[in-house]
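Below is one structure; the comments refer to it alone.
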2 protein chains.
Amino acid sequence: MLGTPSRNRQTERREATRREIVDAAWEVARDEGLAQVTLRAVAERVGMRAPSLYSHFASKHAIYDAMFADAWTECGRAGREAEAKHPPQSLRDAMHLYAATFFDFCVVDLARFQLMNQRTIPGFEPSPESYAPAVAVLDELRDRLATFGVTRLEDIDLYTAIVGGLIDAQLANDPGGDRWRRLLDHAIDMYVDSLNH
Amino acid sequence: MLGTPSRNRQTERREATRREIVDAAWEVARDEGLAQVTLRAVAERVGMRAPSLYSHFASKHAIYDAMFADAWTECGRAGREAEAKHPPQSLRDAMHLYAATFFDFCVVDLARFQLMNQRTIPGFEPSPESYAPAVAVLDELRDRLATFGVTRLEDIDLYTAIVGGLIDAQLANDPGGDRWRRLLDHAIDMYVDSLNH
DNA sequence: GTCTATATACCGATAGAC
DNA sequence: GTCTATCGGTATATAGAC
């Protein structure tokens with residue numbers, strides 16, 4: 001039987017090119033807006049012509065799809081990193097940590113936030129494979145909070161809604177500022193206090 | 001001096017046509033999405049050809065602009081109506097009333113919510129005249145809450161962020177359902193409790 | 001004020017040479 | 001795998017006849 005190494009130079013090169021394309025798409029999204037991510041604009045940044053992208057992605061939505069998975073994978077990584085650096089010792093600690101990490105992660109990149117959390121691109125829906133990292137992040141959060149005794153769906157729903165609302169208000173009404181960021185700790189304390197009933 | 005009546009039949013007819021166009025635009029937005037509001041689609045619904053719309057609006061953004069003012073004017077009306085029907089007797093009453101009214105107003109029309117609260121249309125920014133009704137709604141809210149002793153900017157910011165976060169979560173994750181709507185009263189109670197310190 | 005016709009500028013995607 | 005050339009469609013907006 002011929003060798004079929006899971007990693008050879010060809011597939012590695014192919015993977016690297018896909019990475020380049022997705023990174024270029026992120027650049028366009030950040031610089032010009034998420035809706036301005038066009039095949040022509042992406043291709044130009046990687047030094048290609050637009051049709052060449054079809055050798056690596058089946059469609060434009062496939063690029064958005066890879067970006068979506070990218071963003072949530074990165075979000076999970078950021079969460080685990082923060083966790084390792086400041087292991088939360090209490091429920092309150094944990095609630096503050098995850099909220100602050102997610103807030104700061106979202107707020108530095110409006111386009112990424114829109115892709116992750118809003119349905120701003122007409123017709124785009126993430127594939128199950130790309131949706132998986134998003135589910136994984138929420139599952140991880142649920143598991144972490146469960147170790148501190150918070151398991152009710154409603155409690156977690158309210159938590160995510162509060163954090164999301166503050167992020168949304170920050171990005172919509174004071175982008176680049178901290179008018180709502182300053183309210184985050186107080187909001188989390190208020191929320192944690194309300195759990196102890 | 002010749003009579004220059006502020007209302008004659010010509011200007012009234014003109015205003016009526018503008019209304020028809022904006023209403024048609026709302027229909028398109030609701031049926032096909034906010035981004036799918038094209039001049040062709042709008043014109044078709046009013047029985048015109050696309051270029052004819054330019055007799056009434058200077059550009060497509062001008063239509064969005066009228067819609068934006070429309071939405072916030074309607075929102076203010078809904079608030080005053082709810083208020084008249086159930087005059088709040090306490091701060092807690094008021095907080096519940098405005099939150100529920102705004103939530104239900106937003107959640108019945110995703111396209112309207114996106115236009116009012118998100119920056120989903122590339123390049124569109126409301127004109128000062130159209131932004132005015134939005135400011136008025138927030139001013140009214142601030143005045144009402146002030147009569148109950150709530151005047152700090154941070155308190156109002158947190159209030160709007162919480163309500164907005166719940167609306168956002170509802171529309172994004174359970175459109176048509178009530179998974180986050182059910183959390184609203186509890187969230188408001190939690191928030192009001194936190195004010196009494 | 002509405003129409004037809006058109007200008008201008010894009011877009012995503014495909015065919016086929018190399 | 002990348003290219004050129006192009007298809008077929010979208011869009012906003014303008015010119016000028018009626």
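Naming convention: chains lettered A, B, ... in sequence-line order (proteins, then strands); numbering from 1 in each chain. Note that this is a predicted model, so its numbers are computed, not measured.
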Nucleotide [N], atom [atom2] - distance to [atom1] of [X] in whole Å:
| X | N | atom1 | atom2 | result |
| --- | --- | --- | --- | --- |
| I121(A) | dG12(C) | CD1 | P | 11 Å |
| E44(A) | dC10(C) | CD | C1' | 15 Å |
| M48(A) | dC3(D) | CE | C1' | 11 Å |
| E20(A) | dG1(D) | CD | P | 13 Å |
| R18(A) | dG1(D) | CZ | C1' | 15 Å |

Can you name the ring pair (Phe, Tyr, Trp, His ring centres under 6.0 Å) partners of [X], sequence neighbours left out?
| X | answer |
| --- | --- |
| Y131(B) | none |
| F105(A) | none |
| Y98(A) | none |

>> Listing request: all side-chain hydrogen bond (donor to acceptor under 3.5 Å, both in side chains) pairs with a residue in residues 111-125 of chain B, at least two apart in sequence or in separate chains.
In response: Q118(B)-D168(B)
> Parallel, tilted or perpendicular: which fits the ring planes of Y64(B) and F124(B), with parallel below 30° and perpendicular above 60°?
Replying inline: tilted
>> Taking side-chain contact (heavy atoms from CB on, under 4.5 Å) as the definition, give me every residue that meets it alongside R14(A), ordered by chain and number, with sequence neighbours left out.
In response: H56(A)
> Does anything in residues 138-172 of chain B pair up under ring pair (Phe, Tyr, Trp, His ring centres under 6.0 Å), and if so which pairs, sequence neighbours excluded?
Replying inline: Y159(B)-Y191(B)
>> What's R13(A) touching, base or sugar-phosphate or nothing? Going by heavy atoms closer than 4.0 Å.
In response: nothing
> What salt bridge (charged side-chain N to carboxylate O under 4.0 Å, His left out) pairs are there with at least one residue in residues 99-111 of chain A, not counting sequence neighbours?
Replying inline: R30(A)-D109(A), D104(A)-R181(A)
> Tell me, for nucleotides 4-18 of chain D in 5' to 3' order, what letter each nucleotide earns: B for a base near a protein heavy atom under 4.0 Å, S for only sugar-phosphate near one, - for neither?
Replying inline: BB-----BBBB----
>> Counting only heavy atoms and a strict 4.0 angstrom limit, can you tell me which residues of residues 26-33 of chain B come near DNA chain D?
In response: none
